[in-house]
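Input: a single structure, listed below in C-alpha coordinates.
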Amino acid sequence: MAKGDETRERIVRHALQLSSKEGLEGLSIGVLANELGLSKSGLFAHFGSKEELQLAVLKLVAERFEREVIVPAFRAPRGEPRIRRMFDRWIDWVSSAAPGGCPFVAASAELDDKIDSRPRDYLVAAQKLLLQTLARAAQIAKEEGHFRADLDTEQFAFELDGVMLSFSHWKRLLRDAKAEARARGAFDNLLLVSRRFVEQVS
(Lines give C-alpha, C1' and ligand atoms only; values in the text may rest on other atoms or scores of the structure.)
Protein backbone atom coordinates (compact mmCIF):
# COMPACT_ATOMS: atom_id res chain seq x y z
CA MET A 1 0.00 0.00 0.00
CA ALA A 2 1.36 3.43 -0.95
CA LYS A 3 2.14 5.87 1.84
CA GLY A 4 -0.69 8.17 0.73
CA ASP A 5 -3.17 5.30 0.86
CA GLU A 6 -1.93 4.29 4.31
CA THR A 7 -2.39 7.83 5.56
CA ARG A 8 -5.88 8.04 4.08
CA GLU A 9 -6.86 4.74 5.69
CA ARG A 10 -5.51 5.91 9.05
CA ILE A 11 -7.50 9.13 8.77
CA VAL A 12 -10.75 7.30 7.96
CA ARG A 13 -10.33 4.82 10.82
CA HIS A 14 -9.72 7.63 13.28
CA ALA A 15 -12.61 9.64 11.83
CA LEU A 16 -14.89 6.66 12.46
CA GLN A 17 -13.80 6.55 16.10
CA LEU A 18 -14.34 10.28 16.44
CA SER A 19 -17.76 10.15 14.76
CA SER A 20 -18.89 7.48 17.25
CA LYS A 21 -18.64 10.19 19.91
CA GLU A 22 -19.39 13.38 17.98
CA GLY A 23 -21.52 12.11 15.08
CA LEU A 24 -20.80 12.54 11.38
CA GLU A 25 -21.82 16.18 11.50
CA GLY A 26 -19.54 16.70 14.48
CA LEU A 27 -16.43 15.59 12.61
CA SER A 28 -13.90 18.39 12.83
CA ILE A 29 -11.06 18.57 10.31
CA GLY A 30 -9.06 20.59 12.82
CA VAL A 31 -9.54 18.16 15.70
CA LEU A 32 -8.86 15.17 13.47
CA ALA A 33 -5.68 16.70 12.08
CA ASN A 34 -4.46 17.60 15.56
CA GLU A 35 -5.08 14.12 16.96
CA LEU A 36 -3.31 12.49 14.01
CA GLY A 37 -0.40 14.91 13.99
CA LEU A 38 -1.23 16.22 10.52
CA SER A 39 -1.73 19.71 9.16
CA LYS A 40 -5.29 20.71 8.27
CA SER A 41 -4.24 21.32 4.68
CA GLY A 42 -2.50 17.94 4.54
CA LEU A 43 -5.57 16.13 5.82
CA PHE A 44 -7.87 18.15 3.58
CA ALA A 45 -5.78 17.16 0.54
CA HIS A 46 -6.83 13.53 1.01
CA PHE A 47 -10.56 14.28 0.81
CA GLY A 48 -11.23 17.79 -0.45
CA SER A 49 -14.27 18.34 1.75
CA LYS A 50 -15.88 17.30 5.00
CA GLU A 51 -18.61 15.56 3.01
CA GLU A 52 -16.05 13.35 1.26
CA LEU A 53 -14.62 12.41 4.64
CA GLN A 54 -18.11 11.51 5.90
CA LEU A 55 -18.65 9.40 2.80
CA ALA A 56 -15.36 7.57 3.37
CA VAL A 57 -16.40 6.81 6.96
CA LEU A 58 -19.73 5.33 5.83
CA LYS A 59 -17.97 3.19 3.23
CA LEU A 60 -15.65 1.85 5.92
CA VAL A 61 -18.65 0.97 8.09
CA ALA A 62 -20.29 -0.84 5.16
CA GLU A 63 -17.11 -2.83 4.50
CA ARG A 64 -16.89 -3.87 8.13
CA PHE A 65 -20.58 -4.82 8.31
CA GLU A 66 -20.21 -6.97 5.21
CA ARG A 67 -17.10 -8.64 6.59
CA GLU A 68 -18.45 -9.22 10.11
CA VAL A 69 -22.14 -9.94 9.43
CA ILE A 70 -22.97 -10.74 5.81
CA VAL A 71 -20.00 -12.88 4.76
CA PRO A 72 -20.09 -15.18 7.82
CA ALA A 73 -23.86 -15.57 7.40
CA PHE A 74 -23.52 -16.68 3.80
CA ARG A 75 -21.12 -19.42 4.85
CA ALA A 76 -24.04 -21.07 6.66
CA PRO A 77 -26.35 -23.52 4.85
CA ARG A 78 -28.99 -21.98 2.60
CA GLY A 79 -32.35 -21.06 4.02
CA GLU A 80 -33.30 -20.57 7.65
CA PRO A 81 -29.82 -21.49 9.05
CA ARG A 82 -28.33 -18.64 7.02
CA ILE A 83 -30.91 -16.18 8.33
CA ARG A 84 -30.26 -17.33 11.90
CA ARG A 85 -26.51 -16.83 11.42
CA MET A 86 -27.10 -13.37 10.01
CA PHE A 87 -29.28 -12.44 12.99
CA ASP A 88 -26.70 -13.71 15.49
CA ARG A 89 -23.88 -11.81 13.79
CA TRP A 90 -26.02 -8.68 13.61
CA ILE A 91 -26.77 -8.94 17.34
CA ASP A 92 -23.02 -9.14 17.97
CA TRP A 93 -22.44 -6.14 15.68
CA VAL A 94 -24.86 -3.94 17.62
CA SER A 95 -23.66 -5.22 21.00
CA SER A 96 -20.00 -4.55 20.26
CA ALA A 97 -20.50 -1.20 18.53
CA ALA A 98 -18.53 1.89 19.52
CA PRO A 99 -19.89 4.32 22.16
CA GLY A 100 -22.22 5.90 19.63
CA GLY A 101 -23.84 2.59 18.72
CA CYS A 102 -24.26 1.20 15.23
CA PRO A 103 -22.80 3.89 12.94
CA PHE A 104 -25.55 3.37 10.35
CA VAL A 105 -28.31 3.84 12.93
CA ALA A 106 -26.63 6.96 14.29
CA ALA A 107 -25.99 8.36 10.80
CA SER A 108 -29.57 7.76 9.70
CA ALA A 109 -30.80 10.07 12.48
CA GLU A 110 -28.34 12.75 11.38
CA LEU A 111 -28.80 12.50 7.64
CA ASP A 112 -32.48 11.68 7.10
CA ASP A 113 -33.45 15.31 6.44
CA LYS A 114 -30.37 16.28 4.45
CA ILE A 115 -30.86 17.51 0.89
CA ASP A 116 -28.32 16.98 -1.90
CA SER A 117 -26.09 14.98 0.42
CA ARG A 118 -23.77 12.33 -1.00
CA PRO A 119 -23.33 10.67 2.42
CA ARG A 120 -27.12 10.45 2.76
CA ASP A 121 -27.44 8.99 -0.75
CA TYR A 122 -24.79 6.40 0.05
CA LEU A 123 -26.46 5.50 3.34
CA VAL A 124 -29.83 5.06 1.62
CA ALA A 125 -28.28 2.84 -1.05
CA ALA A 126 -26.50 0.74 1.59
CA GLN A 127 -29.69 0.29 3.62
CA LYS A 128 -31.69 -0.67 0.55
CA LEU A 129 -29.03 -3.22 -0.36
CA LEU A 130 -29.26 -4.70 3.14
CA LEU A 131 -33.04 -4.98 2.88
CA GLN A 132 -32.67 -6.64 -0.52
CA THR A 133 -30.18 -9.08 1.01
CA LEU A 134 -32.63 -9.94 3.79
CA ALA A 135 -35.48 -10.40 1.31
CA ARG A 136 -33.27 -12.58 -0.91
CA ALA A 137 -32.30 -14.72 2.09
CA ALA A 138 -36.02 -15.19 2.85
CA GLN A 139 -36.68 -16.09 -0.80
CA ILE A 140 -33.98 -18.76 -0.62
CA ALA A 141 -35.59 -20.09 2.57
CA LYS A 142 -38.84 -20.38 0.61
CA GLU A 143 -37.07 -22.27 -2.17
CA GLU A 144 -35.53 -24.62 0.40
CA GLY A 145 -38.96 -25.32 1.86
CA HIS A 146 -38.13 -23.70 5.20
CA PHE A 147 -40.56 -20.81 4.76
CA ARG A 148 -44.09 -20.96 3.42
CA ALA A 149 -44.61 -20.33 -0.29
CA ASP A 150 -46.84 -17.27 0.14
CA LEU A 151 -44.43 -15.40 2.44
CA ASP A 152 -43.97 -11.72 1.51
CA THR A 153 -40.17 -11.55 1.57
CA GLU A 154 -40.07 -7.74 1.57
CA GLN A 155 -42.33 -7.71 4.61
CA PHE A 156 -40.02 -10.23 6.25
CA ALA A 157 -37.06 -7.92 5.60
CA PHE A 158 -39.02 -4.96 7.00
CA GLU A 159 -39.88 -6.82 10.21
CA LEU A 160 -36.38 -8.22 10.77
CA ASP A 161 -34.89 -4.76 10.27
CA GLY A 162 -37.47 -3.46 12.74
CA VAL A 163 -36.43 -6.03 15.34
CA MET A 164 -32.82 -4.92 15.03
CA LEU A 165 -33.66 -1.22 15.24
CA SER A 166 -35.72 -1.91 18.38
CA PHE A 167 -32.87 -3.93 19.85
CA SER A 168 -30.46 -1.05 19.30
CA HIS A 169 -32.92 1.40 20.88
CA TRP A 170 -33.67 -0.76 23.92
CA LYS A 171 -30.06 -1.71 24.49
CA ARG A 172 -28.31 1.62 23.95
CA LEU A 173 -30.84 4.29 24.86
CA LEU A 174 -33.05 2.50 27.38
CA ARG A 175 -30.21 0.30 28.67
CA ASP A 176 -32.69 -2.49 29.21
CA ALA A 177 -31.05 -5.69 30.46
CA LYS A 178 -33.65 -7.76 28.63
CA ALA A 179 -33.07 -6.09 25.24
CA GLU A 180 -31.31 -9.06 23.65
CA ALA A 181 -33.78 -11.59 25.07
CA ARG A 182 -36.67 -9.54 23.69
CA ALA A 183 -34.97 -9.25 20.29
CA ARG A 184 -34.39 -12.99 20.15
CA GLY A 185 -37.99 -13.64 21.14
CA ALA A 186 -39.25 -11.33 18.40
CA PHE A 187 -36.95 -13.00 15.90
CA ASP A 188 -38.16 -16.49 16.87
CA ASN A 189 -41.77 -15.34 16.47
CA LEU A 190 -40.96 -13.94 13.04
CA LEU A 191 -39.46 -17.27 11.98
CA LEU A 192 -42.44 -19.13 13.41
CA VAL A 193 -45.00 -17.28 11.29
CA SER A 194 -42.72 -17.48 8.25
CA ARG A 195 -42.31 -21.24 8.23
CA ARG A 196 -43.97 -23.54 5.76
CA PHE A 197 -45.89 -25.30 8.51
CA VAL A 198 -46.80 -23.15 11.48
CA GLU A 199 -46.47 -25.09 14.72
CA GLN A 200 -49.76 -25.63 16.46
CA VAL A 201 -49.98 -24.64 20.11
CA SER A 202 -51.76 -27.35 22.10
Side-chain angles (χ1 to χ4, degrees), residues 9 11-33 35-36 43-44 47-70 73 83 86-135 137 154-187 190:
E9 185 175 294
I11 293 170
V12 176
R13 289 200 306 267
H14 197 78
L16 175 56
Q17 293 176 1
L18 188 60
S19 68
S20 72
K21 303 173 185 177
E22 307 296 338
L24 281 178
E25 290 298 297
L27 279 177
S28 166
I29 297 294
V31 171
L32 195 57
E35 292 185 356
L36 290 170
L43 189 149
F44 203 77
F47 299 96
S49 70
K50 181 177 176 178
E51 186 176 74
E52 287 300 316
L53 177 60
Q54 292 174 332
L55 187 59
V57 168
L58 290 175
K59 288 181 178 179
L60 177 60
V61 175
E63 290 169 4
R64 289 184 175 179
F65 186 84
E66 181 176 7
R67 182 174 66 250
E68 296 177 21
V69 179
I70 302 300
I83 293 172
M86 190 179 302
F87 174 78
D88 287 337
R89 299 293 298 191
W90 201 347
I91 285 282
D92 291 343
W93 166 270
V94 174
S95 298
S96 62
C102 173
F104 276 166
V105 174
S108 65
E110 289 188 78
L111 301 177
D112 59 353
D113 290 328
K114 288 286 183 179
I115 299 174
D116 297 326
S117 165
R118 291 186 64 208
R120 182 188 186 281
D121 292 344
Y122 180 84
L123 180 61
V124 169
Q127 291 295 288
K128 287 183 176 179
L129 180 59
L130 174 59
L131 292 172
Q132 290 169 6
T133 300
L134 297 177
E154 291 186 356
Q155 182 66 26
F156 177 89
F158 176 88
E159 293 185 21
L160 179 51
D161 188 50
V163 169
M164 296 310 302
L165 287 172
S166 292
F167 171 56
S168 179
H169 181 75
W170 280 60
K171 180 176 180 63
R172 304 199 66 85
L173 179 65
L174 304 182
R175 302 190 186 282
D176 192 301
K178 296 181 179 179
E180 182 172 335
R182 293 188 186 283
R184 291 189 177 280
F187 176 69
L190 177 59

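Atoms CG and CG, on Leu24 and Leu18 in that order, are 10.0 Å from each other to the nearest 0.5 Å. Interatomic distance, CD of Glu52 versus CZ of Arg118, reported as 4.0 Å (0.5 Å rounding). Summarising the geometry, atom CG belonging to Asp112 is positioned 7.0 Å from atom CZ belonging to Arg120; distances are rounded to the nearest 0.5 Å.
Qualifying salt bridge (Lys or Arg N to Asp or Glu O under 4.0 Å) partners for Glu180, counting only residues two or more places apart in sequence or in other chains: Arg184. Scored by the side-chain hydrogen bond (donor to acceptor under 3.5 Å, both in side chains) test, Lys178 finds no partners at all (sequence neighbours excluded). The side-chain hydrogen bond (donor to acceptor under 3.5 Å, both in side chains) test applied to Arg13 returns Glu9, not counting sequence neighbours. Residues that satisfy the salt bridge (Lys or Arg N to Asp or Glu O under 4.0 Å) test with Glu35, not counting sequence neighbours, are absent from this structure. Looking at residues two or more places apart in sequence or on another chain, you find no salt bridge (Lys or Arg N to Asp or Glu O under 4.0 Å) involving Glu66.
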* **Criterion salt bridge (Lys or Arg N to Asp or Glu O under 4.0 Å) on Lys114 and Glu25, from CA distance to verdict** => CA-CA 11 Å; Lys114 288 286 183 179; Glu25 290 298 297; 3.3 Å; yes
* **side-chain contact (heavy atoms from CB on, under 4.5 Å) between Leu134 and Trp90, intermediate numbers included** => CA-CA 12 Å; Leu134 297 177; Trp90 201 347; 3.9 Å; yes
* To do: Take Ser28 and Glu22 through the side-chain contact (heavy atoms from CB on, under 4.5 Å) test and state the conclusion after the steps.
  => CA-CA 9 Å; Ser28 166; Glu22 307 296 338; over 6 Å; no
* Run the numbers on Met86 and Val69 for side-chain contact (heavy atoms from CB on, under 4.5 Å), then give the verdict. => CA-CA 6 Å; Met86 190 179 302; Val69 179; 4.1 Å; yes
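Considering only heavy atoms from C-beta on, Lys59 comes within 4.5 Å of Leu55 through its side chain. Taking the side chain as every heavy atom from C-beta outward, Leu190 and Phe87 never approach each other to under 4.5 Å. Inter-residue side-chain proximity for Ile70 and Leu130 is flagged as met; some heavy-atom pair is nearer than 4.5 Å. Proximity of Leu53 to Ile11: side-chain heavy atoms (C-beta onward) are separated by under 4.5 Å at one or more points. Between Phe47 and Ile29, every side-chain heavy-atom pair lies at or beyond the 4.5 Å cut-off. Under the 4.5 Å side-chain criterion, counting only non-hydrogen atoms from C-beta, Leu16 is not in contact with Leu27. The side-chain heavy atoms of Arg64 and Trp93, taken from C-beta on, include a pair separated by under 4.5 Å. Looking at Phe167 and Ser95, their side chains come closer than 4.5 Å, going by heavy atoms from C-beta outward.
When all heavy atoms of Ala183 and Val163 are compared, the pair lying nearest together is O-CG1, 3.7 Å. Across all non-hydrogen atoms, the minimal contact from Gln54 to Pro119 is OE1-CG, 3.7 Å. The minimum heavy-atom distance linking Ala62 with Tyr122 is given by the pair CB-OH, 3.4 Å. Minimum interatomic distance between Ala135 and Ala157 (heavy atoms only, all atoms of both residues): N-CB, 3.9 Å.
Partner of Ser108 under the side-chain contact (heavy atoms from CB on, under 4.5 Å) criterion, chosen from Leu165, Val124, Leu123: Leu123.
Contacts classified as side chain to side chain donor-acceptor pair (under 3.5 Å) and involving residues 158-170 (residues at least two apart or in different chains) are given here: Gln155-Glu159.
Below 30°, between 30° and 60°, or above 60°: for Phe65 and Phe104 the angle between ring planes is between 30° and 60°, a tilted geometry.
A donor-acceptor pair under 3.5 Å is absent between the side-chain atoms of Arg89 and the main chain of Ala73, judged by distance alone.
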